[in-house]
Amino acid sequence: MKCVICKHGETKEGKVTVTLEKGASTIVFKDVPAMVCDNCGEKYIDEKVTKKLLEKARELVKNGAEVDIRKFQSAA
Ligand SMILES: [Zn+2]
């Protein structure tokens, strides 16, 4: 699809790193599947994937994680 941010690039499937900050906690997910603009680098993450990330992050924060870095695959 065409990128809605720069309106020039085309998005391509790729893997990105997503950082979520909640209060004092920072949760980093690597290898998250996303569509990435080949021009400006804007990331488009699927709604289902986003939901999964937020759920996992909430769980980690609840367990007292301050900094947690994990691969999306093992988090899912
Ligand atoms: Zn773009």
Side-chain angles (χ1 to χ4, degrees):
M1 75 185 197
K2 232 182 178 66
C3 176
V4 298
I5 303 299
C6 65
K7 298 185 171 60
H8 291 292
E10 284 287 334
T11 55
K12 293 198 170 74
E13 273 182 55
K15 296 276 176 73
V16 299
T17 298
V18 177
T19 305
L20 296 171
E21 288 184 56
K22 283 181 174 275
S25 305
T26 302
I27 315 292
V28 180
F29 291 101
K30 294 187 162 199
D31 293 344
V32 179
M35 299 298 283
V36 184
C37 174
D38 62 5
N39 183 52
C40 70
E42 179 66 19
K43 299 173 265 194
Y44 297 89
I45 300 172
D46 191 84
E47 205 176 299
K48 266 190 291 185
V49 173
T50 305
K51 211 175 143 207
K52 218 175 259 183
L53 290 177
L54 291 175
E55 271 171 21
K56 194 70 200 171
R58 201 180 307 139
E59 194 181 300
L60 290 167
V61 169
K62 211 171 68 186
N63 292 339
E66 285 181 13
V67 178
D68 199 293
I69 301 171
R70 57 183 59 213
K71 288 202 171 169
F72 178 71
Q73 285 308 330
S74 53

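All heavy atoms count here, side chains included; hydrogens, waters and symmetry mates do not.
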- Closest contact, heavy atoms only, Cys6 versus Gly9: SG-N, 3.4 Å

- Message: Quick check: do Leu60 and Arg70 have side-chain heavy atoms less than 4.5 Å from each other?
- Response: yes

- Note on the structure: Residues at least two apart in sequence or cross-chain that pass side-chain contact (heavy atoms from CB on, under 4.5 Å) with Val61, listed by chain then number, are Lys22, Ser25, Ile27

- Query: Under 4.5 Å between side-chain heavy atoms, hopping through other hydrophobics if needed: is there a path connecting Leu53 to Val28?
  - Reply: no

- Task: Flag the pair Val32 / Val49 as yes when at least one side-chain heavy-atom distance between them is below 4.5 Å, and no otherwise.
- Result: yes

- Here the pair of heavy atoms bringing Ala34 nearest to Val16 is CB-CG2, 3.8 Å

- State which residues pass side chain to side chain donor-acceptor pair (under 3.5 Å) with Glu59; sequence neighbours excluded, sorted by chain then number. Lys56

- Item | Matching residue for Asn39 among Lys7, His8, Glu10 - test: side-chain contact (heavy atoms from CB on, under 4.5 Å) | His8

- Could you please spell out the steps behind the side chain to side chain contact (heavy atoms under 4.5 Å, CB included) verdict for Tyr44 and Val36? CA-CA 6 Å; Tyr44 297 89; Val36 184; over 6 Å; no

- Kindly write out the residues that satisfy side chain to side chain donor-acceptor pair (under 3.5 Å) with Asp31, not counting sequence neighbours, or none if the list is empty. none

- Which pairs, with at least one residue in residues 37-51 and sequence neighbours excluded, count as a salt bridge (Lys or Arg N to Asp or Glu O under 4.0 Å)? Lys12-Asp38

- Item | Partner residues of Lys15 under the side chain to side chain donor-acceptor pair (under 3.5 Å) criterion, sequence neighbours left out | none

- Note on the structure: Applying side chain to side chain donor-acceptor pair (under 3.5 Å) to Glu21 and not counting sequence neighbours gives none

- Task: Verify the cluster assignment for Val18 and Leu54: are they in a single hydrophobic cluster under the rule of side-chain heavy atoms below 4.5 Å apart?
- Result: yes

- Query: CG of Leu20 to CZ of Phe29: how many Å apart, nearest 0.5 Å?
  - Reply: 6.0 Å

- Task: Under the salt bridge (Lys or Arg N to Asp or Glu O under 4.0 Å) rule, collect the residues that match up with Glu66, sequence neighbours excluded.
- Result: none

- Shared hydrophobic cluster, Ile5 / Met35 (ILVMFWY, side-chain heavy atoms < 4.5 Å): yes

- Query: Counting only N and O atoms by type, is there a donor-acceptor contact under 3.5 Å from the side chain of Thr11 to the main-chain atoms of Met1?
  - Reply: yes

